[in-house]
Amino acid sequence: QVQLVESGGGLVQPGGSLRLSCAASGSISGINVMGWYRQAPGKQRELVAIITTGGTTNYADSVKGRFTISRDNAKNTVYLQMSSMNPEDTAVYYCKLNTPTRSGAYRIDYWGQGTQVTVSS
C-alpha cells in the first residue's frame, strides 16, 4: 500500500556531488521516519542518514559533513545531497520509510528498489 520511488543515482567523479530523491505514496502517517541506506558489493547494508517528520537527523560517521538529508513533509519526499564524494561511497542506495500501522501499535518498514551510485574517475 506504500510505494517508494527513487531517482538521482548515477556516475560521479571523486570530489563530485549527487542528489538522490525518494517520494513515498499511499497511506502515509503524518509522523514517520525516512532515510537512506546503502550496500556496497560484498558488504552489509548500512545506515547513511535518517530524518524524522520533525526534522531530527542522524548520520553515519563516514558521511557527516559531506551528506545532507532533508525532506518535504507535504510531498512525503526525502532527499540526500551528497558532496565531496569518494569511491567508498559507491553502493546501491535504498530509501526507507518507517511508519506506524493504522492502529498505531506497530511500525512497518517500506523499502525502495535501490539506485546505483558509482564514484569513479
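All figures in this text were calculated on a predicted structure; none of them were measured in a lab.
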Q) Does the side chain to side chain donor-acceptor pair (under 3.5 Å) test come out yes or no for Arg38 and Tyr93, once each step is laid out? A) CA-CA 4 Å; Arg38 67 186 183 186; Tyr93 284 69; 2.9 Å; yes
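Distance check: Thr68 OG1 to Ile51 CD1 gives 10.0 Å after rounding to the nearest 0.5 Å. The distance from atom CD1 of Ile108 to atom OG1 of Thr99, rounded to the nearest 0.5 Å, is 7.5 Å. Interatomic distance, CD1 of Ile28 versus CD of Gln1, reported as 8.0 Å (0.5 Å rounding).
No side-chain heavy atom of Thr90 sits under 4.5 Å from any side-chain heavy atom of Val117. Counting heavy atoms from C-beta on, the side chains of Ser21 and Glu6 never come closer than 4.5 Å. By the 4.5 Å heavy-atom criterion applied to side chains, Tyr110 and Met34 are not counted as neighbours.
In terms of modelled atom types and a separation under 3.5 Å, the side chain of Arg45 and the main chain of Gln39 share no donor-acceptor contact.
Counting only residues at least two apart or in different chains, salt bridge (Lys or Arg N to Asp or Glu O under 4.0 Å) contacts with residues 92-106 comprise Lys96-Asp109. Under the disulfide (SG to SG under 2.5 Å) criterion, no residue pair touches residues 28-64, with sequence neighbours excluded.
Linking Ile, Leu, Val, Met, Phe, Trp and Tyr whenever their side-chain heavy atoms come within less than 4.5 Å puts Val92 and Leu47 in one cluster.
Using cut-offs of 30° and 60° for the angle between ring planes, the Tyr94 and Trp111 rings count as perpendicular.
Cation-pi geometry between Arg71 and Tyr79 is not satisfied (NZ or CZ under 6.0 Å from the ring centre, within 45° of the ring normal).
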